[in-house]
Amino acid sequence: MESNFVVDKYDVIVIGAGHAGIEAALAAARRGCKTLLTTLSLENLAMMPCNPSIGGPAKGHLVRELDALGGEMGIAADQTCIQFRTLNTGKGVAVQALRAQADKKIYQAYMKNICENTANLDVKQILVEELLIEDSQVVGVRGEQGETFLTKTAILAAGTYLNGAIIIGENSYAGGPNGQRAAVKLTDSLLKNNIELRRFKTGTPARVDGRTLDFSKMQVQHGDASPLRFSFLTAEPVLNKVDCYLTYTNERTHEIIKKNLHRAPMANGLIKGVGPRYCPSIESKIITFPDKERHQLFIEPEGLNTQEFYVQGMSTSLPADVQIEFLRTIAGLENVQIMRYGYAIEYDCINPLQLKPTLELKNISGLFSAGQTNGTSGYEEAAAQGLIAGINAAAFVKQESALILKRSESYIGVLIDDLVTKGTNEPYRMMTSRAEYRLLLRQDNADLRLTPYAIQLGLATPERKKIFQRKQSQIQLATKKLQEIKITPNNQLNDSLENLKIGAINNTMQLAELLRRPNVKYKTLQKIFDLPEIDDDSVAQVEIDLFYSGYIEKQAELVEKFDRLESQILPLDIDYSEIKNLSLEAREKLAKIQPHSLGQASRISGVNPADISVLMIWLNQHK
C-alpha cells in the first residue's frame with residue numbers, strides 16, 4: 001500500500017513552473033506568503049518549448065503591464081534576449097509592440113536563479129498527482145511518492161503537461177514538450193472534483209541545424225538601431241547580438257504537404273483536440289488558403305551558444321520523412337538537417353467559465369488556475385495570468401480584497417475578462433483588436449496605469465517606486481509648462497519655426513497646440529522655448545498624450561460609461577430563474593457564469609440589452 005506522509009505546510013502551492021507558475025509563485029512569495037513552486041523538472045523551469053521569443057502585438061503590451069505590476073518576465077527578457085524589434089512602426093502607437101528573440105537557456109537560468117533566491121519561496125521537483133479537497137476547500141496536494149504538502153491555496157499552472165500526448169505523423173505517446181513527462185493522474189483528480197475539462201492541441205515546428213542553412217538565399221532581419229526595453233526598470237541599453245532571416249514556402253513545398261495530408265494526425269484521427277486559430281500548422285494553412293502561392297517563414301536562432309534555429313511559421317505534426325522532404329524545398333534550406341522534429345501536443349485544460357474574475361475556481365475555495373491550463377496560448381498570456389493568480393492567492397491567505405483589473409485599464413483585464421465571461425473554444429491568443437480601449441492601453445503608459453497597484457500591493461521595489469514617481473512628476477511638469485506658454489506670431493518667431501521645419505503660426509496659441517502638429521518634437525521646441533529637461537520616456541509620453549488628446553478624451557468618456565455598469569455589483573446568490581422578463585437564454589447563461597457586475601453580464605453571449613435593463617431594475621429594487 002502506498003504510504004502518504006506530510007512534508008510541510010504552505011500558504012500557497014503552485015503546480016507547474018512554466019511562465020504562469022513562476023510569476024504566480026514570485027508574486028505570492030513577494031507578498032509575504034510561504035510559497036512552494038513544484039515542477040516536473042528543475043532543469044526545465046521557465047522553458048520555452050515553442051518560440052524563442054518574448055512579446056509581439058498585444059503580447060508585448062502584456063509583458064510591459066506585467067512588469068509595471070512588479071512581475072519578472074520583462075526584466076528577464078531585457079537581461080537575456082539577443083535581438084529587439086518594435087513591430088507595426090508604420091501604424092499608430094496603440095498597436096506598436098516590442099518583440100525580442102530570447103536565448104532560451106540563459107532565460108531559463110536567469111529565472112531559475114531568481115526563484116531559488118527569492119525569500120519565502122521553495123522550489124521542488126515533484127510530480128503532483130492529486131489535489132486534496134475537503135468541503136469544497138483546497139487543503140493540500142500529494143505527489144507521486146506519497147509526499148503531501150498542506151496549504152491554504154493552490155494554483156494550477158500545469159501548461160500543456162496535463163495528460164499531455166506528443167503526436168508526430170502516425171506516432172503518439174504520453175508526454176510533455178521536449179520529451180518531458182506528462183501529468184496524467186492530476187487530470188483524474190480534477191475530474192473527481194467536478195472540474196470540467198476539455199481537450200486542446202498546439203504544435204511547434206522543426207528545429208534545424210544552422211550549419212546546414214544558406215543564409216545568403218534569405219532576407220536578413222536586423223534588430224532596431226535603438227531598441228526599446230520591456231522593463232521600466234532597465235536603465236542600460238539592450239543589445240542586438242544576432243540577426244533573424246526571412247524565407248518562403250513555394251509550390252513544390254505545398255505539393256509535398258498536400259500529397260501527404262492523409263498521413264497528418266488531424267486526418268488519420270490521432271488528433272482530436274482543437275488547435276489554435278491564430279497560430280495554425282502548415283497543414284492547416286495549405287488547406288485553408290489553397291490559392292496562396294507562398295507562406296513566409298522566419299528563421300530564428302534559439303540562443304548564442306547553439307546551432308539550433310526555429311522555423312517560425314512552419315508548425316507541423318506530419319511524419320518525420322515528410323518534414324525533411326518539404327523543408328528541403330525552401331530557399332536556404334536545401335541541405336537542411338533537422339535537430340528536433342516538429343510535433344503536435346494534445347493536453348487537457350479547464351473550461352475558464354468555471355473561474356471567477358480573480359482566477360479562483362467558483363466551486364472550490366482557494367483553488368486558482370492560470371496559463372494554458374485556462375485554455376490560452378503563449379508565454380505572455382500565461383505569465384500575465386500567473387501574476388494575477390499569485391496576487392489573488394496571497395490576498396485569499398491574507399483575507400484582503402482581490403485584484404480585478406478592468407478592461408479599460410489593461411490588456412490583462414481584457415484577457416481575463418474574455419476568458420471568464422466568454423470562455424474559449426480554442427486556444428486563446430491576445431490581440432490588440434480584442435481591446436476596445438487600446439488607445440488608452442498603449443505599451444508606453446503601462447507603468448502610469450498599473451504601477452500604483454504594484455505600490456499598493458507591496459510588489460514595487462523602492463527603485464521601481466522612485467522611477468515611477470519621477471516619470472509621473474516630469475510628465476506633469478512638462479505638460480503644465482506647454483499649456484502655460486502662449487506664443488504670438490511675429491517675424492522673428494516664425495523665422496525660427498521655419499528654420500526648425502515646424503512651420504509658421506498665424507494665431508496666438510498654447511505651445512501644447514504646436515506640439516500636436518505632425519512631426520513636431522518636444523526636443524525641437526526646447527531649442528527656442530524654455531522647457532524642462534525630462535527623460536526620453538517622459539518625452540515620448542508627453543508627445544503621445546498631446547498628439548492624440550482628442551481621441552484619448554473620447555475613449556475616456558466611453559470608459560466612464562463603462563465604469564458605471566462595472567460598479568454595479570451583482571450578488572453571487574441571485575436566482576436568475578426567479579427574475580421575470582429575463583430571456584430564457586439569459587437566465588441559463590447568467591446562472592452558469594455568475595457575473596460579478598452588470599458590466600460583465602452585458603458581455604456574456606446571449607445576454608441582450610433588454611436583459612441588462614431588467615437586471616438594472618431588479619438591482620434598484622433590491623438595494
Side-chain angles (χ1 to χ4, degrees), residues 48-52 160 164-180 182 199-210 212-213 218 245-300 302 308-347 377 426-427 429:
M48 294 182 180
C50 199
N51 279 22
T160 59
I166 302 296
I167 305 165
I168 304 175
E170 296 92 351
N171 300 316
S172 175
Y173 57 90
N178 285 8
Q180 297 301 299
R199 194 77 170 158
F200 277 177
K201 79 105 178 170
T202 187
T204 189
R207 271 65 159 192
V208 298
D209 190 335
T212 64
L213 305 179
M218 309 178 199
Y245 299 87
L246 175 64
T247 187
Y248 296 89
T249 63
N250 52 59
E251 288 186 7
R252 178 62 185 143
T253 317
H254 299 181
E255 285 175 13
I256 292 169
I257 293 170
K258 288 176 185 175
K259 184 178 69 176
N260 288 281
L261 280 175
H262 66 283
R263 300 179 65 195
M266 63 182 183
N268 63 28
L270 277 180
I271 287 182
K272 296 180 176 63
V274 180
R277 179 188 300 266
Y278 300 104
C279 187
S281 65
I282 190 64
E283 301 95 281
S284 296
K285 291 180 187 177
I286 300 302
I287 294 170
T288 307
F289 307 105
D291 299 327
K292 197 171 176 85
E293 294 182 356
R294 65 179 190 173
H295 296 276
Q296 67 180 13
L297 307 173
F298 290 96
I299 310 301
E300 302 170 341
E302 298 241 316
E308 277 192 85
F309 280 75
Y310 182 92
V311 188
Q312 166 69 17
M314 205 59 155
S315 174
T316 184
S317 55
L318 282 163
D321 59 302
V322 181
Q323 293 188 37
I324 295 170
E325 186 179 5
F326 70 61
L327 281 173
R328 288 180 176 173
T329 65
I330 296 165
L333 278 72
E334 293 87 352
N335 299 304
V336 71
Q337 292 289 342
I338 295 177
M339 297 179 76
R340 306 185 201 218
Y341 295 113
Y343 62 86
I345 180 168
E346 276 195 329
Y347 55 95
S377 65
E426 62 196 34
R429 176 183 173 182

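Owing to the predicted nature of the structure, the values given are computational and were not obtained by experimental measurement.
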Which pair of non-hydrogen atoms, one from [X] and one from [Y], has the smallest distance, and what is that distance?
X	Y	answer
Y343	N178	OH-N, 3.6 Å
L318	A264	CD2-CB, 3.7 Å
G342	I168	O-CG1, 3.7 Å
T329	N250	O-ND2, 2.7 Å
A206	Q323	CB-OE1, 3.9 Å
S315	P280	CB-O, 4.3 Å

What is the distance from atom [atom1] of [X] to atom [atom2] of [Y], rounded to the nearest 0.5 Å?
X	Y	atom1	atom2	answer
T204	I345	OG1	CD1	10.0 Å
E308	R340	CD	CZ	4.0 Å
Y173	I166	OH	CD1	5.0 Å
I257	R263	CD1	CZ	13.0 Å
Y341	N171	OH	CG	11.0 Å
T247	M218	OG1	CE	5.5 Å

Could you tell me whether a side-chain N or O of T212 sits under 3.5 Å from a main-chain N or O of Q337, the two making a donor and an acceptor?
yes
Spell out, as yes or no, whether a donor-acceptor pair under 3.5 Å connects the side chain of E300 to the backbone of P52.
no
Please work out which of the three classes, parallel, tilted or perpendicular, describes the rings of Y347 and F200, given edges at 30° and 60°.
perpendicular
Is there a side-chain contact between [X] and [Y], using heavy atoms and a 4.5 Å cut-off?
X	Y	value
C279	T202	no
F309	M339	no
S281	T316	no
N260	E283	no
P265	I167	yes

Under the criterion side-chain contact (heavy atoms from CB on, under 4.5 Å), I'd like the reasoning laid out for L213 against Y245: C-alpha separation, chi angles, the key distance, then a yes or no.
CA-CA 11 Å; L213 305 179; Y245 299 87; over 6 Å; no
Electrostatic pair R252:E255 at N-O distance under 4.0 angstrom
yes
Identify whether the distance between the nearest side-chain nitrogen and carboxylate oxygen of K272 and E346 falls below 4.0 Å.
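Not counted as a salt bridge, because no side-chain N and carboxylate O are separated by less than 4.0 Å.
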Worked check of side-chain contact (heavy atoms from CB on, under 4.5 Å) between M48 and E302
CA-CA 10 Å; M48 294 182 180; E302 298 241 316; over 6 Å; no
Report the residue from R294, K292, E293, Q296 that forms a side-chain contact (heavy atoms from CB on, under 4.5 Å) with T249.
R294
